[in-house]
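To keep things clear, I will list the structure first and then write my remarks on it.
Chain letters run A, B, ... following the sequence lines, proteins first and then strands; every chain starts at 1. Source: prediction; values computed, not measured.
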Number of protein chains: 2
Amino acid sequence: MSQLSVSEAVAETGLSAHTLRYYEKEMLLFEVPRDSGGRRFYTRELLAAIKFISALRATGMSIQGIKDYIDLYRRGEHTAQQRMGLLQSHEELVQNQLKKTRASLEMIRRKIALYQTQLDAAASATQQGH
Amino acid sequence: MSQLSVSEAVAETGLSAHTLRYYEKEMLLFEVPRDSGGRRFYTRELLAAIKFISALRATGMSIQGIKDYIDLYRRGEHTAQQRMGLLQSHEELVQNQLKKTRASLEMIRRKIALYQTQLDAAASATQQGH
DNA sequence: ATGCATGCTAGAGTGCGCTCTAAGTCAAGC
DNA sequence: GCTTGACTTAGAGCGCACTCTAGCATGCAT
């Protein structure tokens, strides 16, 4: 029950089986345990790690960036400071990206508002027979 | 002065000349005027359109999506409703994406905080000779 | 008039992150 | 014992958004 099959991991993470294998291979990192038949199973710890990786991806960190982070992880406890540094600079990056997205969104909203007044004006003109 | 050269448009938009030409070709839309020598120049209106397109791109709309929007634009005034609909559903999409990004960012921050307490504990242990 | 920056074209190339293919293995249920 | 279905592998393929190349044209500045 604390060991999930591939299909269960797919359901939990929202990633495809292909993508799970791709991450495993590209990041060369979490050694996914296998059953007697050579099939993968995912422990709770592994699942948590994958979810964290998903969060990094969802915020735009590249596969290479994540790989670098995990490589540090595997080098041991003394890399904690560096790992934190990596996360901190990524956080900053994401904040800036959010700021930019919000500004762009604001621009889009202004355009929508413009359409709205324009369409309202057209509608009331029609109603009044203009 | 209200007609910008390529290099000025590059400076204003933050896009490369390559990208400007690429957008022009892919979106098949804004007919960029040319000088006697066949070189492009950008009017203020065009610049504004390009900046709006940049906002759509910055919020993740695909080239194809933008093309669809502009195609509507060129079909005339009666497509205003549809264009607004397009923008509205894009807005919704961006909102959801923002929500997801913020959740992921929160996860990353918790991890950073974890590192911080961990490193603080290690530091004070060292200081006290443990 | 000469040199150099800027711009032009068509089309090829790149990097990223998946995503799929093909052929095979294994375990459980009928 | 046979089928079914979830899984395995190595490697090819794809879609997107640029990004660059090569070779040529134009036009301002010395």
Which pairs would a plain distance check flag for residues 30-39 of chain B, meaning a side-chain donor or acceptor within less than 3.5 Å of a matching protein atom at least two apart in sequence or in another chain?
residue	atom	partner	partner atom	Å
B:Arg34	NH1	B:Gly38	O	2.9
B:Asp35	OD1	B:Gly37	N	2.8
B:Asp35	OD1	B:Gly38	N	3.1
B:Asp35	OD1	B:Arg39	N	2.8

**Prompt:** Quick one: what's the B/S/- string for nucleotides 17-30 of chain C, heavy-atom cutoff under 4.0 Å, read 5' to 3'?
**Reply:** BBBBB----BS---
**Complete:** Min and max contacting nt of DNA chain D in 5' to 3' order, chain B heavy atoms within under 4.0 angstrom, are D:dA17 to D:dG27
**Message:** Taking transitive links into account, so neighbours of neighbours count too, which hydrophobic residues share a cluster with A:Leu93 at under 4.5 Å side-chain distance?
**Reply:** none
**Pairs involving residues 76-96 of chain B, ordered by first then second residue, that meet salt bridge (Lys or Arg N to Asp or Glu O under 4.0 Å) (sequence neighbours left out)** = A:Arg109-B:Glu91
**Item:** 4.5 Å side-chain heavy-atom contact, B:Gln116 and A:Met84
**Value:** yes
**Fill in**
Rounded to whole Å, the CD-C1' distance (B:Glu8 to C:dT6) equals 12 Å
**Asked** Between A:Glu26 (CD) and C:dC16 (P), how many Å, whole number?
**Response** 11 Å
Taking distance alone, no hydrogens or angles, what donor-acceptor pairs closer than 3.5 Å link side-chain atoms of residues 53-64 of chain B to residues at least two apart or in another chain?
residue	atom	partner	partner atom	Å
B:Ser54	OG	B:Ile50	O	3.3
B:Arg57	NH1	B:Met61	O	2.6
B:Thr59	OG1	B:Ala55	O	2.9
B:Thr59	OG1	B:Leu56	O	2.8
B:Thr59	OG1	B:His90	NE2	2.8
B:Ser62	OG	B:Gly65	N	3.0
B:Gln64	NE2	B:Asp68	OD1	2.9

**Complete:** Contacts of A:Val6 meeting side-chain contact (heavy atoms from CB on, under 4.5 Å) (sequence neighbours excluded), chain-then-number -> A:Val10, A:Ala17, A:Arg40, A:Tyr42
**Request:** For B:Asp120, enumerate each residue passing the side-chain contact (heavy atoms from CB on, under 4.5 Å) test, keeping only those at least two apart in sequence or located in another chain.
**Result:** none
**Request:** Check DNA chain D against residues 95-102 of chain B and give the residues with a non-hydrogen atom under 4.0 Å, in numerical order.
**Result:** none
**Prompt:** How would you list, by chain and number, every residue that makes a side-chain contact (heavy atoms from CB on, under 4.5 Å) with A:Glu12, sequence neighbours excluded?
**Reply:** A:Leu4, A:Arg44, A:Leu47, A:Lys51
**Side-chain cluster (under 4.5 Å, hydrophobic types only) that B:Leu105 belongs to, other residues** = A:Val94, A:Leu98, A:Leu105, B:Val94, B:Leu98
**Asked** Would you say B:Ser5 reaches C:dT6's phosphate, i.e. side-chain N/O to OP1/OP2 under 4.0 Å?
**Response** no
**Fill in**
Using a 4.5 Å side-chain heavy-atom cut-off and chaining through intermediate ILVMFWY residues, the residues clustered with A:Leu114 come out as none
